Amino acid sequence: MKVDVRQSSLQDSGAALVAVGLYAGDSLPAEVAEAPGAADAKGSFKTMTRLYPGGGPERLLVVGLGERDAFDVEKLRVLGALVAGEAAKVEATSLAWALPECEDEAAAAEAIVTGTILGAYRFDRFKGEREENEEKPRLSSLTVLGPAELAGAAETARVYSEAANRARDLQETPANFAKPEDLAARAEEIAAGLDKVTVEVLDGDAIRAKGMGGLAAVSQGGPVDPRLIVLRYAGGGDGPTLGFVGKGVTFDTGGISLKPGAGMAEMKFDMSGAAAVLEGFAAIAELGLPVDLIGVVPSTENMPSGTAVKPGDVITQYNGKTVEVNNTDAEGRLILADALAYAVEQGAERVVDLATLTGAVLIALGSTYAAVISNDDELAAEVAAAGEESGELVWRLPLHPEYKEMMKGTVADLSNLASKREAGTITAASFLEEFVGDTPWAHVDIAGTAWDVNRAYTGKGGSGYGVRLLVQLVRDLAGRG
Ligand code: BES
Ligand code: MN
Ligand code: ZN
């Protein structure tokens, strides 16, 4: 989407649809107050009134902002998406949005751009050319009507929102088209297209030769070769080197501990952490943020077969710890263990991992908050703050030696399956903690937020969750606000 910021009257914007916000109890700006029907426009949140002023903009959309005191950027993201929906209805290809009066105009401009771009997203790669699927004209340009100094904020939002939509493409792409080698190809494309970015890809032989026993074990049940993808970005700055790790299981059948058939198709989304890390990384490099960054994505299918890892098998992880694989469906932690140890060894001084790790997080937090679990109060607080700012919310859950105790093995150092079912999200994180040493680390369990979140701007299907969170985290750490 083409995005720009321009100071212009509603009349002269030139857009096919012009959106103007109205707070509850306020009156419309004089330039449109006389339009036929204007008296019916309401300021209650999400109320939309379409006007045809004649002489002014072709179509004017009055957007209810709700109470002035209760206004925030999340409401504006939602409205951005609803307005994008209205634009689709009238087949408008250009949209202008008059920046509402508010405290933080830069944040408001970002929210409008984000809501519009995410709200306009569709995944139709596999839709045929039948008549009902006929290509409708799409919204292709957004003008924020406001002070030109907001152009930087709008551009930043465009970059991370389009990155989030690319992550959604990766998520939505079915497992027969999105294999570990395809995620690696995307990483290679990212590195080829951006300054200061390099990539390294390990295949199955290299993974086994390096002793990454978790990734090797999960991949051995199927014919698809795994990958360990490593992106590096030398953006500089004075901060610590950050490491982002994303779970890239391109399909999770559960393996020998097979999942039930109902809903299994959703497990194409089990690479959502990888999608967020790849595209979040790309956005950070595209924005040129001053940080040194390592992105590590372990990627494999999890399949049952005669060669698959079996319940009770013992494996050795990259850091030398031994693990009893007591449930082959707890595969995410096995591949993340190797990747976390590798990220730390490669110089990451603070690590954030994103993973669709446990069904339990859906029970705990639904699709509103992801869980963050961390060995470091400062990093946990930074992740939570980035969540509030970006709208990709995270809620901290605790660690405790009693949870760690539940992950001890009988014949090996650790078990990948807790001795009790309760606190499943935390016990999974306690397992991961064994692989980061003393490095500050935050694990974000996105199994509830990665798809079907039903927010106006993400709706059904892949949400791209994590891209905006990671970008915001780096912006905050790099001191750019
Ligand atoms: N990918 C799943 C987690 C998941 C489940 C994500 C449902 C989204 C929706 C993960 O690999 C898994 O199977 N976890 C198990 C762990 C258990 C066997 C300890 C789970 O949560 O049931
Ligand atoms: Mn699983
Ligand atoms: Zn999984």
Side-chain angles (χ1 to χ4, degrees), residues 171 175 178 180 183 214-215 217-222 224 226 245-276 297-304 308-313 323-339 353-371 373 397 403 406-409 414-432 443-453 460-463 465-466:
Q171 290 182 281
L183 296 185
L215 187 49
V218 175
S219 68
Q220 79 190 36
V224 170
V245 175
K247 174 178 173 182
V249 174
T250 55
F251 198 79
D252 181 13
T253 67
I256 297 295
S257 314
L258 193 64
K259 287 184 182 294
M264 199 198 275
E266 290 196 332
M267 285 299 123
K268 73 170 183 180
F269 290 126
D270 211 16
M271 36 56 73
S272 297
V297 168
S299 183
T300 178
E301 291 187 345
N302 184 23
M303 298 292 284
V309 66
K310 301 172 293 300
D313 284 0
V323 176
E324 260 164 71
V325 181
N326 284 319
N327 188 319
T328 66
D329 198 12
E331 85 296 342
R333 60 198 75 181
L334 300 176
I335 71 171
L336 289 169
D338 290 336
D353 78 73
L354 274 74
T356 47
L357 204 61
T358 66
V361 80
L362 252 140
I363 307 299
L365 296 171
S367 293
T368 304
Y369 282 80
I373 296 170
L397 297 179
Y403 300 120
M406 290 160 70
M407 300 308 293
K408 291 241 161 86
L414 296 165
S415 168
N416 77 331
L417 181 69
S419 54
K420 289 185 274 184
R421 240 183 100 226
E422 48 258 49
T425 300
I426 300 176
T427 52
S430 300
F431 179 91
L432 297 181
H443 158 65
V444 185
D445 193 331
I446 64 171
T449 53
W451 69 91
D452 290 358
V453 302
K460 288 251 172 275
S463 66
Y465 182 97

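Both ligands and their constituent atoms are indexed starting at 1 by order of listing. None of these values were measured; they are calculated from a predicted model.
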Using a strict 4.0 Å cut-off to heavy atoms of [X], name the atoms of ligand 1 that fall inside it.
X    : answer
N327 : 18 (C)
A447 : 6 (C), 8 (C)
L357 : 3 (C), 10 (C), 12 (C), 14 (N)

Contact between ligand 1 and [X] is defined here as a heavy atom of the residue under 4.0 Å from a ligand atom; is it met?
X    : result
K247 : yes
F251 : no
R333 : yes
E266 : no

Regarding atom 15 (C) of ligand 1: of the candidates D252, I446, D329, which has the closest heavy atom?
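The residue whose heavy atom sits nearest atom 15 (C) of ligand 1 is D329.
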
Report the distance from atom [atom1] of [X] to atom [atom2] of [Y], rounding to the nearest 0.5 Å.
X    : Y    : atom1 : atom2 : value
E324 : L417 : CD    : CG    : 10.0 Å
I426 : L397 : CD1   : CG    : 5.0 Å
T356 : I446 : OG1   : CD1   : 6.0 Å

Do Q171 and S272 pair up side chain to side chain, a donor and an acceptor below 3.5 Å, judged on atom types alone?
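Distance-only check passes for Q171 and S272.
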
Quick one: do the T253 and N302 side chains pair a donor with an acceptor below 3.5 Å?
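No pair is found: no donor N or O on one side chain lies under 3.5 Å from an acceptor on the other.
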
Under 2.8 Å from the Mn ion (ligand 2), is there an N/O/S atom belonging to D329?
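For D329, the answer is yes, given that an N, O or S atom comes within less than 2.8 Å of the Mn ion (ligand 2).
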
Checking a contact table here: which protein heavy atom is nearest atom 7 (C) of ligand 1, and how many Å away?
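Among all protein heavy atoms, the one nearest atom 7 (C) of ligand 1 is M267 CE, 3.7 Å.
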
Heavy-atom donor-acceptor pair, N327 side chain to S257 backbone, under 3.5 Å:
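No.
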
Is there any N or O on W451 that sits under 3.5 Å from an N or O of ligand 1?
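No, no N or O pair falls under 3.5 Å.
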
Does an N or O from G359, backbone or side chain, lie closer than 3.5 Å to an N or O of ligand 1?
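G359 vs ligand 1: N/O contact under 3.5 Å present.
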
How about M271 and T300: do any of their side-chain heavy atoms sit closer than 4.5 Å?
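Of all side-chain heavy-atom pairs linking T300 with M271, none is under 4.5 Å.
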
Heavy-atom side-chain contact between E331 and D270 under 4.5 Å
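With C-beta onward as the side chain, the pair touches.
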
Strictly inside 4.0 angstrom of atom 22 (O) of ligand 1, do you find any protein heavy atom?
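For atom 22 (O) of ligand 1 the answer is no, since every protein heavy atom stays at 4.0 Å or beyond.
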
N/O/S from V249 sitting under 2.8 Å away from the Zn ion (ligand 3)
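Of the N, O and S atoms in V249, none lies under 2.8 Å from the Zn ion (ligand 3), which means no.
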
Give a yes or no on whether D270 keeps an N, O or S atom under 2.8 Å from the Zn ion (ligand 3).
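It does: D270 brings an N, O or S atom closer than 2.8 Å to the Zn ion (ligand 3).
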
Can you tell me the angle formed at the Zn ion (ligand 3) by OD2 of D252 and OE2 of E331, to 10°?
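Approximately 90° at the metal, rounded to tens of degrees.
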
